[in-house]
Amino acid sequence: MADILIRGGTVVTADSMGPTDVLIRDGKIAQKGTGLETDGSIFDATGQWVMPGGIDTHTHLDHPIGRLGVRTADDFHVGTIAGACGGVTTIIDFSLQDRGESLLKARDRRLGEIEPNSIIDYSFHTIVTDVNPNSIKEVESLVESGFPSFKVYMTYGDKKVGDGDLLLLLEELAAKGGLAYLHCENDCAVTHLIERHISRGETGPSFHASSRPVLVEAEATNRAIMLAEIAGAPICIAHVTSKLVAGHLEEARGRGQPVVGETCPQYLVLNDAVYDPEGGFEVAKFVCSPPIRDIDQVEALWSTVEDGLLQQVSSDHAPFHYEDQKTTGRDNFTRIPNGLPGIETRLPLMFTYGVKAGRISPSRFVELTSTNPARIFGMYPNKGSLKVGADADIVIVDPNKEVELSARCLHSAVDYTPYQGLRVSGFPTMTFSRGEVIVQDGEVIAKRGRGHLVRRQKIDPKSLP
Ligand code: URP
Ligand code: ZN
Ligand code: ZN
C-alpha cells in the first residue's frame, strides 16, 4: 500500500492540539511532524482537524429483543456504515448469552454475524444473563481470547442478574482480568412503578419515564459500586443520566476504587420535554432506559462531563423503527422497544454541544469519545491514539461545516432521528480505517466485511482513566 500523507491539518489528541502532518504507512501511523513529504498520496487538511477515529463501546446492532420478537433496525453492515459516516472507526457491540447457553458459543455465534458485514473494526462485550458454574469457568477463556468486558443488566426481565450472581461474577472478573459493564436500575422499584401505572390505566409512552425515576438508577449504581468493592473488581457504569448518579462514582473513585462512568449524547442534548403527553404516541421515539431527564439534571450532567467525573461518551445506539417496532407498544408502554439511534450523531452532537458551545476543549472531546474508551476497554494505544505505530484510524473534520440533521441524511435504516432539525458540525470529511479511506465527503468506499476483530488486552484496574 502506498504511503499517505495528511498535510496541513491541526492534529487534536487527548493530550495536545497543533499544526502537524501525519504520514501513514502500511495502515499505521508512521511519522508526525511539520513539512513532511511523500511520493504516495497527499490529502490536504488545511483548516481542518485531524483526530483519532471515534470509538463507540456501546452499540446494539442486529440486537434481538426476545420478549418482543424484534431486532434493532441496523445490521452490522448498515450500522457500521452509519458509524463510519459519523466518524466511528471501532465499535464494541454485544454478544448475548441465551439462558443456559455457553458464553463461548454466544461469542462464536456473534462473530458469525459481524465478520461478513462490518466495515470498521469491532469487538464485543459478553452479556451474561445466566451466572452458573460453566459461565464462571468460561470467563477466563473469554478474557484470554481478547474479550475482557462483561455486560450485566441489573433489570430487564429475563436478562436481569441478581445481586448474589453479580457478586460471583465480579469476583471472577477481579481474579481473571475482566471488567463489568453495568446497566444499573433497581428492578423491584421499576417493576412496582410499572405495575402501578398499568393498574391505573396509565399505558401511554410518557409513563415509561415516570416508571424509571433517577432514584432507581442511583440506588442500583450505588449497590453495584459496593458489590464491586466487596469483590475488588473494576467496573464501568453504562449510560449515567444524572449528577446524583455520578456522585456515587465520585465517592468511589475518591476511595481509590477502579470505577469509571459513561454517558450518552441523548442525556446531554435532549430533556424530558420529549415525554410531554401532548406528543401523543410519537413520544415512543424517545423511549429508552434509563429515560431522558429534566433540564436541570441535563445541565448538571454537563458539569460532570466538563470536570472529568465521567470518563466516556458512547451512543447506546439501539435503533427501532417508529412504524412497526415502536408501535408494538401503542396500547402498553412496556411493549415499546427501548432505545434510540445514535451511532452516527454521537461525535457531531458532542462536537457541537460540547466543543463549539465552549463546554469542553477539543482534547477533552477526543478523550471522551476515543482515547478513554480505548483505555477503559483494553485497546489503547493501538486504538484511540495517533501515536507512531498505532492503527491509522483517523477522522478529519471541518469544524465550520454545518449540517441539518434529518433521518433522510443519516445512514441508519431507522425511520426517524431523535435530533430532527438540529444544526450540527463535526461530521467527518474523511474517515480512515487502518490507513484506508472508508468515507470521503459523505460517500462510503468500504467493502462489506473489511472490518477486523480487535482482540483486547486484559483490564488492569490501575490503568483505567
Ligand atoms: O434503552 C436502551 N438503552 N436500550 C438498549 C439496551 C440497554 O439498555 O443497554
Ligand atoms: Zn443499558
Ligand atoms: Zn445499551
Side-chain angles (χ1 to χ4, degrees), residues 56-68 70-74 79 83 91-97 110 123-129 149-161 166 180-187 190 194 205 207-209 211-214 216-218 220-221 224 235-242 245 261-268 270 272 274-275 283-293 310 312-322 325-326 328-329 333-343 345-346 373 377 412 414 416 418:
D56 194 342
T57 73
H58 195 155
T59 65
H60 298 272
L61 299 176
D62 201 5
H63 186 103
I65 308 293
R67 176 178 78 88
L68 301 174
V70 295
R71 296 181 87 88
T72 51
D74 292 335
I91 54 165
I92 311 184
D93 203 273
F94 298 94
S95 71
L96 173 63
Q97 176 198 27
R110 200 61 168 154
S123 177
F124 32 80
H125 318 280
T126 304
I127 301 178
V128 183
T129 58
S149 47
F150 296 78
K151 174 81 179 278
V152 172
Y153 288 99
M154 295 174 77
T155 186
Y156 264 158
D158 59 357
K159 288 192 282 185
K160 183 196 87 174
V161 169
L166 176 56
Y181 193 19
L182 294 153
H183 176 123
C184 302
E185 288 181 296
N186 180 307
D187 188 60
V190 170
I194 286 176
F207 296 108
H208 170 80
S211 67
R212 309 179 98 99
V214 72
V216 307
E217 185 189 347
T221 303
I235 56 171
C236 177
I237 306 293
H239 41 49
V240 171
T241 68
S242 95
V245 177
E262 150 195 288
T263 191
C264 313
Q266 52 271 35
Y267 302 115
L268 295 163
L270 304 174
D272 69 351
V274 298
Y275 298 127
V283 162
K285 290 179 176 173
F286 301 91
V287 163
C288 59
S289 294
I292 289 152
R293 306 299 183 193
L310 294 176
Q312 73 161 19
V313 176
S314 303
S315 69
D316 196 5
H317 180 73
F320 295 99
H321 296 299
Y322 176 68
Q325 291 195 313
K326 290 282 188 183
T328 311
F333 70 88
T334 66
R335 295 189 58 76
I336 300 169
N338 286 199
L340 306 187
I343 193 170
T345 47
R346 178 182 67 124
F377 290 102
S412 167
V414 76
Y416 77 101

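Order of appearance sets the numbers: ligands from 1, and atoms from 1 within every ligand.
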Would you mind running through ligand 1 and noting each atom that sits below 4.0 Å from a heavy atom of [X]?
X      : answer
Lys151 : 9 (O)
His58  : 9 (O)
Tyr153 : 6 (C), 7 (C), 8 (O), 9 (O)
Cys288 : 1 (O)

| task | Check step by step if ring pair (Phe, Tyr, Trp, His ring centres under 6.0 Å) holds for Phe94 and His60. | result | CA-CA 7 Å; Phe94 298 94; His60 298 272; 4.7 Å; yes

| Any donor-acceptor N/O pair, Arg71 side chain to Asp62 backbone, under 3.5 Å | yes

| task | Check whether any side-chain N or O of Asp316 sits under 3.5 Å from a backbone N or O of His58 as a donor-acceptor pair, and report yes or no. | result |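 Not a single qualifying donor-acceptor pair exists.
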
| request: Scan Lys160, Arg212, Lys159 and name whichever one has a salt bridge (Lys or Arg N to Asp or Glu O under 4.0 Å) with Asp187. | output: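 Option passing the salt bridge (Lys or Arg N to Asp or Glu O under 4.0 Å) with Asp187: Lys160.
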
For [X] and [Y], test the side chains for any donor-to-acceptor distance below 3.5 angstrom and give the result as yes or no.
X      : Y      : answer
His125 : Ser149 : yes
Glu262 : Tyr181 : yes
Thr126 : Gln97  : no

| remark: The ring pair (Phe, Tyr, Trp, His ring centres under 6.0 Å) partners of Tyr275 (sequence neighbours excluded) come to none

| task | Please round to the nearest 0.5 Å and tell me the distance separating atom OG1 of Thr241 and atom CD1 of Ile292. | result |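 Those atoms lie 10.0 Å apart.
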
| field | In the protein, N/O/S atoms that are found under 2.8 Å from the Zn ion (ligand 2), waters not counted | value | His183 ND1, His239 NE2

Which residue holds the protein heavy atom closest to [atom], what is that atom called, and what is the gap in Å?
atom                   : answer
atom 6 (C) of ligand 1 : His60 NE2, 3.5 Å
atom 3 (N) of ligand 1 : Asp316 OD2, 2.6 Å
atom 1 (O) of ligand 1 : Ser289 N, 2.7 Å
atom 4 (N) of ligand 1 : Asn338 O, 3.1 Å

| With a distance cut-off below 6.0 Å to the six-membered ring centre and an angular limit of 45° from the axis, does Lys326 pair with Phe320 as a cation-pi contact? |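 No, a cation-pi geometry is absent between Lys326 and Phe320.
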
| Using heavy atoms and a threshold below 4.0 Å, how should the contact between Ala318 and ligand 1 be classified: side chain, backbone, both, or neither? | side chain

